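First up is the structure itself, then whatever we jot down about it.
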2 protein chains.
Amino acid sequence: MAYELALSSLSDPTRRAVFERLRTGPMGVAEIASGLPVSRPAVSQHLKVLKEAGLVVDEPRGTARIYRIHAEGLRDLRDWLDSFWDDALTRFKDHAERDT
Amino acid sequence: MAYELALSSLSDPTRRAVFERLRTGPMGVAEIASGLPVSRPAVSQHLKVLKEAGLVVDEPRGTARIYRIHAEGLRDLRDWLDSFWDDALTRFKDHAERDT
DNA sequence: CCAATTCGTAAGCCATCACTAACGGTTAGT
DNA sequence: ACTAACCGTTAGTGATGGCTTACGAATTGG
C-alpha cells in the first residue's frame, strides 16, 4: 500500500546516494552531506522524504540527529515486485497449457 | 546496474498505471489508453520509457503494436532491494555479537 | 548565561518532465 | 490505388521538484 512512496523516494539519484550512504551505518546529517555534491539542507530535505516513506528512522543524539536505514520500509515494494513474477509465471503456465 | 532506470520509470503514477494495465495480458496502445485519463500519445511516450528500461517488449501485429510486460527487467531492482536486507541482517548480527 | 554546534524550514530560482494537439508513416482491406 | 485504422514523433506549455541561501530552534559546554 505504501510502495508508491518508496518508489518515488528512491527515484531521485541524490536521494539514493543519501540512502546508500547510510549503508555504512547510522550517522548525522553533516556526515552524510560530506561526500555528496549537495549542501547540508538539501540532504535534510531528502531525509525528510525518506522518513515519510518509512525508509529511514531518526533519533536525537545531543545536538545531532542520527539517521539509519529502516529496511522494513522496503517490504511493500518488494512484495509488489514479486507479484509481477507470479503473474509472469501464471501467464507462462497458461501459455504452456494452451499448447497441449 | 540498470535498476536506476526501472526506479525512475516506475516512479510516475501514470506510467505505473500503464504497466499494471498490461498485467491483464498483452494489448495495443489504444486499448491501454482506453481506461486511462490520458491521451493515446501520452501512453505511447510512457511505453517508450518503459521499453528503454527493459520493463516491456513490443511486437508488430498488423497495423497495431502489441506490448507486454518483461518481468526480467525487474530483476536488477529486486536484487538491489534484497541487498539492503542482507545489510540489515549483517548489521543486526554485528549488534548482537557486540552485546555478548 | 553566553557562545558554539547541529539541524530543520522558508523563499526563490531553475531544470526536468508529463501532457496535449497536430502531423506523418505504415499496414490492411476494398 | 484509395481509404481507414493504428501508431510514433515533434513542438509547445504548465506544473512538479530539487537546489541554494538565509534564518530560526534546540542542545551542549564553559
Side-chain angles (χ1 to χ4, degrees), chain A residues 2-22 24-70 73 77, chain B residues 2-22 24-70 73 77:
Chain A
Y3 66 95
E4 295 95 341
L5 284 177
L7 271 177
S8 62
S9 297
L10 295 175
S11 64
D12 182 68
T14 305
R15 208 145 46 211
R16 273 200 307 271
V18 170
F19 193 56
E20 297 212 12
R21 194 112 169 48
L22 289 175
T24 59
M27 63 183 78
V29 179
E31 188 176 357
I32 300 176
S34 73
L36 291 183
V38 293
S39 67
R40 180 193 57 76
V43 173
S44 206
Q45 292 171 354
H46 285 307
L47 286 170
K48 182 181 181 181
V49 176
L50 289 172
K51 180 180 178 181
E52 289 173 353
L55 296 176
V56 299
V57 289
D58 59 331
E59 179 189 8
R61 188 141 185 169
T63 79
R65 179 164 285 265
I66 305 301
Y67 285 86
R68 60 182 171 87
I69 286 183
H70 183 60
L77 177 55
Chain B
Y3 65 93
E4 296 96 341
L5 285 176
L7 274 175
S8 61
S9 298
L10 295 174
S11 65
D12 182 67
T14 305
R15 207 143 47 208
R16 273 200 307 270
V18 170
F19 194 55
E20 298 212 10
R21 194 111 167 51
L22 289 176
T24 59
M27 62 183 79
V29 178
E31 189 176 358
I32 300 176
S34 73
L36 292 182
V38 294
S39 66
R40 180 192 55 78
V43 173
S44 206
Q45 292 171 352
H46 285 307
L47 286 170
K48 181 181 181 180
V49 175
L50 290 172
K51 181 180 176 182
E52 289 174 353
L55 296 176
V56 299
V57 289
D58 60 330
E59 178 190 9
R61 189 142 182 169
T63 79
R65 181 164 283 265
I66 306 300
Y67 284 86
R68 60 184 171 85
I69 287 184
H70 183 61
L77 177 55

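Chain letters run A, B, ... following the sequence lines, proteins first, then strands; residues in each count from 1. Bear in mind the structure is a predicted one, so any value in this text is a computation, not a measurement.
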Check: Going by heavy atoms closer than 4.0 Å, what residues in residues 51-58 of chain A are next to DNA chain D?
Finding: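 Contacts with DNA chain D under 4.0 Å: none.
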Checklist line | Strand contacts (DNA chain D) in residues 42-49 of chain A, 4.0 angstrom heavy-atom criterion | finding: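 Ala42(A), Gln45(A), His46(A), in order of number.
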Check: Does the side chain of Ser39(B) get closer than 4.0 angstrom to OP1 or OP2 of dC19(C) through an N or O atom?
Finding: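 Checking dC19(C) against Ser39(B), no side-chain N or O comes under 4.0 Å of OP1 or OP2.
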Next item on the list: Would you please confirm or rule out a distance under 4.0 Å between OP1 or OP2 of dT6(C) and any side-chain N or O of Tyr67(A)?
Entry: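 Checking Tyr67(A) against dT6(C): no side-chain N or O falls below 4.0 Å of OP1 or OP2.
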At their closest point, which heavy atom of [X] faces which heavy atom of [Y], and how far apart are they?
X	Y	value
Phe19(B)	Leu55(B)	CE1-O, 3.4 Å
Leu5(B)	Glu52(B)	CD1-O, 3.9 Å
Ser11(A)	Ser8(B)	CB-CA, 4.2 Å
Val43(B)	Val29(B)	CG1-CG1, 4.1 Å
Ala17(A)	Leu36(A)	CB-CD2, 3.8 Å
Leu7(B)	Leu10(A)	CD1-O, 3.5 Å

Rounded to the nearest 0.5 Å, what separation is found between the [atom1] atom of [X] and the [atom2] atom of [Y]?
X	Y	atom1	atom2	value
Gln45(B)	Arg40(B)	CD	CZ	10.0 Å
Met27(B)	Leu22(B)	CE	CG	5.5 Å
Arg68(B)	His70(B)	CZ	NE2	8.0 Å

Next item on the list: Extract, from 5' to 3' on DNA chain D, the first and final nucleotides lying under 4.0 angstrom from some heavy atom of chain A.
Entry: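 Here the contact window of chain A covers dG18(D) to dT28(D).
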Notebook entry, point to check: Got a sec? Which of residues 28-35 of chain B come in under 4.0 Å of DNA chain C, heavy atoms?
Noted result: none
Notebook entry, point to check: Is the CZ atom of Arg16(A) crowded by more than 12 outside heavy atoms at less than 6.0 Å?
Noted result: yes
Note to self: Could you check whether atom CZ of Arg65(B) has more than 12 heavy atoms from other residues, nucleotides or ligands sitting under 6.0 Å from it?
What the structure shows: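 Enclosed: over 12 neighbouring heavy atoms sit under 6.0 Å from CZ of Arg65(B).
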Next item on the list: Would you check if the side chain of Arg21(B) reaches a backbone N or O of Ala33(B) as a donor-acceptor pair within less than 3.5 Å?
Entry: no
Next item on the list: Check step by step if side-chain contact (heavy atoms from CB on, under 4.5 Å) holds for Lys51(B) and Ser9(B).
Entry: CA-CA 10 Å; Lys51(B) 181 180 176 182; Ser9(B) 298; over 6 Å; no
Item checked: Angle of first-five versus last-five pair axes in the helix from dC1(C)-dG30(D) to dT30(C)-dA1(D), to 10 degrees -> 30°
Item checked: Nucleic acid footprint by protein, nucleotides 22-30 of chain C - heavy-atom cut-off 4.0 Å, B for base, S for sugar-phosphate alone -> B----BS--
Next item on the list: Flag the pair Leu47(A) / Ile32(A) as yes when at least one side-chain heavy-atom distance between them is below 4.5 Å, and no otherwise.
Entry: yes
Check: How about Leu50(B) and Arg15(B): do any of their side-chain heavy atoms sit closer than 4.5 Å?
Finding: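 Yes. Closest side-chain heavy atoms under 4.5 Å.
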